[in-house]
Amino acid sequence: MKLSDIHKDCQRKLASAMRETYSDAGSIIDYSFATFYGQGNPKRPRTGTLEGSKKVDPPRISGDTAYLKAGYEGNQISYSDGTFSGAEVLGATMTGTYGVVGDPSYDEEAFRLIIETAKANFASQFGK
């Protein structure tokens with residue numbers, strides 16, 4: 001096998017692992033909302049506002065480099081009554097403050113799972 005063939009194979013594997021991680025990251029972020037909302041009994045009905053904060057950009061893949069951004073973005077959400085901005089909503093859910101009822105570890109667990117999944121996806125392409 002020529003060096004140029006090995007290089008192309010590595011690029012193909014990189015792209016494949018990134019696309020798979022992108023798909024998995026979206027599912028993990030979705031699951032994290034169920035984790036948050038699955039804990040506690042709020043006094044008011046849940047609004048589902050947090051779900052609007054999902055931010056998983058398609059991977060940028062160019063030759064030997066790849067980049068993926070997955071997480072939560074507060075500027076996409078706010079409470080409909082105007083009491084909290086998106087950043088305040090995320091802050092309250094991630095710290096369990098302001099009387100917000102839910103599992104505040106949802107984001108940390110999601111990030112841990114995304115990293116674990118990325119490692120597994122790359123290992124499946126490149127070996128251990």
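Quick note: numbers below take in every heavy atom, side chains included, and nothing from hydrogens, waters or symmetry partners. Given the structure is predicted, the values throughout are model-derived calculations rather than measurements.
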### Task
Show your reasoning for whether salt bridge (Lys or Arg N to Asp or Glu O under 4.0 Å) applies to Lys119 and Glu116.
CA-CA 5 Å; Lys119 287 178 180 178; Glu116 218 173 79; over 6 Å; no
Nearest heavy-atom approach of Pro104 to Gly102 is CD-O, 3.0 Å
Rounding to 0.5 Å, atoms CD1 (Ile114) and CD (Glu109) come to a distance of 10.5 Å
Open item on the list: Could you tell me if the side chain of Glu51 sits less than 4.5 Å from the side chain of Ile77, heavy atoms only?
Closed with: no
- Check for a donor-acceptor pair, side chain of Ser23 on one end and backbone N or O of Arg19 on the other, with a separation under 3.5 Å. no
The reported gap from CG in Leu68 to CE in Met18 (rounded to nearest 0.5 angstrom) is 4.5 Å
> Does any non-hydrogen side-chain atom of Phe36 lie less than 4.5 Å from one of Arg46?
Replying inline: yes
inquiry  = Quick one: does any side-chain atom of Ser32 pair with a main-chain N or O of Ile29 as donor and acceptor, under 3.5 Å?
reply    = yes
Taken in chain and number order and not counting sequence neighbours, the residues that satisfy salt bridge (charged side-chain N to carboxylate O under 4.0 Å, His left out) with Arg12 are Asp9
Nearest heavy-atom approach of Phe33 to Ser53 is CE2-OG, 4.0 Å
Shortest non-hydrogen pair, Gln76 vs Lys54, comes out as NE2-O, 3.1 Å
Exercise. Would you mind reporting whether Gln11 and Ile61 have side-chain heavy atoms less than 4.5 Å apart?
Key: no
- Is Val56 linked to Ile115 within one hydrophobic cluster, defined over Ile, Leu, Val, Met, Phe, Trp and Tyr using a side-chain heavy-atom separation of less than 4.5 Å? no
Here the ring pair (Phe, Tyr, Trp, His ring centres under 6.0 Å) pairs for residues 109-128, sequence neighbours left out, are Tyr72-Phe111
Checking the side chain of Gln125 only, and the main-chain atoms of Leu14 only, is there a donor and an acceptor separated by less than 3.5 Å?
no
Is it true that Asn121 and Thr21 share a donor-acceptor pair across their side chains at a distance under 3.5 Å?
yes
Output a table of donor-acceptor pairs, distance under 3.5 Å, between side-chain atoms of residues 87-97 and any protein atom two or more places apart or on a different chain; print 'none' if there are none.
{"from": "Glu88", "atom 1": "OE1", "to": "Ser85", "atom 2": "N", "distance (Å)": "2.8"}
{"from": "Glu88", "atom 1": "OE1", "to": "Ser85", "atom 2": "OG", "distance (Å)": "3.3"}
{"from": "Thr93", "atom 1": "OG1", "to": "Val89", "atom 2": "O", "distance (Å)": "3.2"}
{"from": "Thr93", "atom 1": "OG1", "to": "Leu90", "atom 2": "O", "distance (Å)": "3.0"}
{"from": "Thr93", "atom 1": "OG1", "to": "Tyr106", "atom 2": "OH", "distance (Å)": "2.7"}
{"from": "Thr95", "atom 1": "OG1", "to": "Gly91", "atom 2": "O", "distance (Å)": "2.6"}
{"from": "Thr95", "atom 1": "OG1", "to": "Thr97", "atom 2": "OG1", "distance (Å)": "2.9"}

Tyr67 side chain near Asp57 side chain, heavy-atom distance below 4.5 Å
no
Has Arg60 got more than 12 heavy atoms of other residues, nucleotides or ligands less than 6.0 Å from its CZ?
no
